[in-house]
Structures are given as C-alpha cells and as structure tokens.
Amino acid sequence: HTRYISVTGVQTCALPILIDDVHSLYALTAARADLQFEQLNAGYFRLTAPLSTYLLAFEGDQLIGFLQWLRKGARMSGKYVGMDYTRNRQYDLYFGMVLQSVLRGIAGGVRDFDLGVSSYYSKRLIGAVQRPTRLYFRHHNALMQALLARCRFLLEPSAEELA
C-alpha cells in the first residue's frame with residue numbers, strides 16, 4: 001500500500017529531516033538516466049525546499065518516491081523526481097506520483113502543468129500533450145564548442161527516442 005503526501009515549503013513540514021532520503025532517491029534516478037548532466041547534492045534540495053512543493057510517496061513509514069514542483073501562480077513545473085525502482089512496478093510509482101500531483105494541483109488552482117523531462121509514456125496516459133522545446137548550451141571552451149557543434153547529430157535525440 002502506498003500513501004501520498006503533498007508538502008509545500010520547509011516551514012509547514014518535516015521535509016528537512018527527509019532531505020537525505022530525497023537526495024538518495026534522486027541519486028538512484030539520476031544514475032539510471034541515459035544522459036548525465038549535473039549531479040545535485042542534498043544542499044540543492046535543502047535550499048529549494050521553501051520554494052517547492054513535494055509530492056512524497058511512502059510505503060509505511062519508508063519514503064519510496066518524490067516529485068519536486070515549483071509553482072508560480074496557476075502554473076506548476078516539475079523539476080526533479082526520485083524513486084526506489086524496486087517498488088516502481090509494484091505500485092506503478094511514477095505514474096501514481098504524476099497523477100496525484102496533477103489531481104492535487106488542479107484542486108489547488110493549478111491550470112497549466114509542465115511535467116518535466118521524464119517518461120513521456122506515463123504522461124500521455126493522463127492526457128498530457130508534448131510540446132516541442134529547445135535546449136541550448138554552450139561550452140566555455142571555444143575549441144570544445146566547435147567540436148560539439150560538429151557532433152550535434154550525435155547529441156540530438158531521434159523521433160523514436162522521443163516517442
């Protein structure tokens with residue numbers, strides 16, 4: 001049995017004592033990513049807690065998943081996710097967390113959701129529409145930037161990878 005809790009801001013919750021658990025779940029998820037960018041430390045979650053809403057998933061008293069959201073007015077953006085993948089299939093954890101977040105957000109007045117850059121399949125199941133976006137980056141070293149520009153075709157995902 002899984003239960004979900006929504007928590008907004010560090011002042012209204014016990015999130016500070018869960019920060020290390022949140023970071024550990026984030027690290028598990030980040031390690032599974034096909035493309036690695038930065039590795040956040042627990043300090044990131046500690047510093048952004050007052051600005052964030054977290055959906056926390058528990059099995060008993062054990063934190064097994066989280067979604068971090070940032071809200072501005074009627075818009076909510078998904079930032080980071082972490083979960084115990086040994087429990088993902090058992091509880092359909094990712095799908096459950098996204099669905100719970102959307103339902104709770106709607107109840108709280110959210111009208112526009114950015115579900116972040118994770119499983120497109122799960123998002124389509126709840127009716128999400130994929131919008132094209134662009135990610136631009138530039139290396140600080142001019143030679144490396146020129147090399148990256150020439151290798152662009154290797155870095156861009158194919159249509160099949162985005163489906």
Side chain proximity check, F113 to I106, heavy atoms < 4.5 angstrom: yes

Euclidean distance, L56 CG relative to Q100 CD, rounded to 0.5 Å: 12.0 Å

Test side chain to side chain contact (heavy atoms under 4.5 Å, CB included) applied to R46 and D20, step by step: CA-CA 9 Å; R46 196 169 287 108; D20 289 334; 3.8 Å; yes

L28 and R32, any side-chain heavy atoms less than 4.5 Å apart: no

Nearest-0.5 Å distance that lies between atom CG in N41 and atom CD1 in I19: 11.0 Å

Heavy-atom pair with the smallest gap, counting every atom of L93 and A57: CD1-CB, 3.8 Å

Closest non-hydrogen atom pair between Y26 and L40, with its separation: OH-N, 3.1 Å

Joint hydrophobic cluster, L103 plus F95, side-chain heavy atoms closer than 4.5 Å: yes

Pairing residues for Q68 by the side chain to side chain contact (heavy atoms under 4.5 Å, CB included) criterion, not counting sequence neighbours: Y44, F45, T48, S52, Y54, F66, K79, Y80

Contact summary for A74 and G109, nearest pair of heavy atoms: CB-O, 3.7 Å

From Q62 atom CD to D84 atom CG, the distance as rounded to the nearest 0.5 Å: 7.5 Å

R71 side-chain N/O to G73 backbone N/O, donor-acceptor pair under 3.5 Å: yes

Contact summary for H139 and Q145, nearest pair of heavy atoms: N-OE1, 2.7 Å

Smallest separation among heavy atoms of M97 and L55, with atom names: O-CD2, 3.3 Å

Any W69 side-chain heavy atom under 4.5 Å of V110 side chain: no

Atom pair OG1/CG of T53 and L67 - distance to nearest 0.5 Å: 11.5 Å

Reported CG-to-CZ distance for the pair D114 and R75, which is rounded to 0.5 angstrom: 5.0 Å

Interatomic spacing from CG in L63 to CE in M83 - rounded to 0.5 Å: 12.5 Å

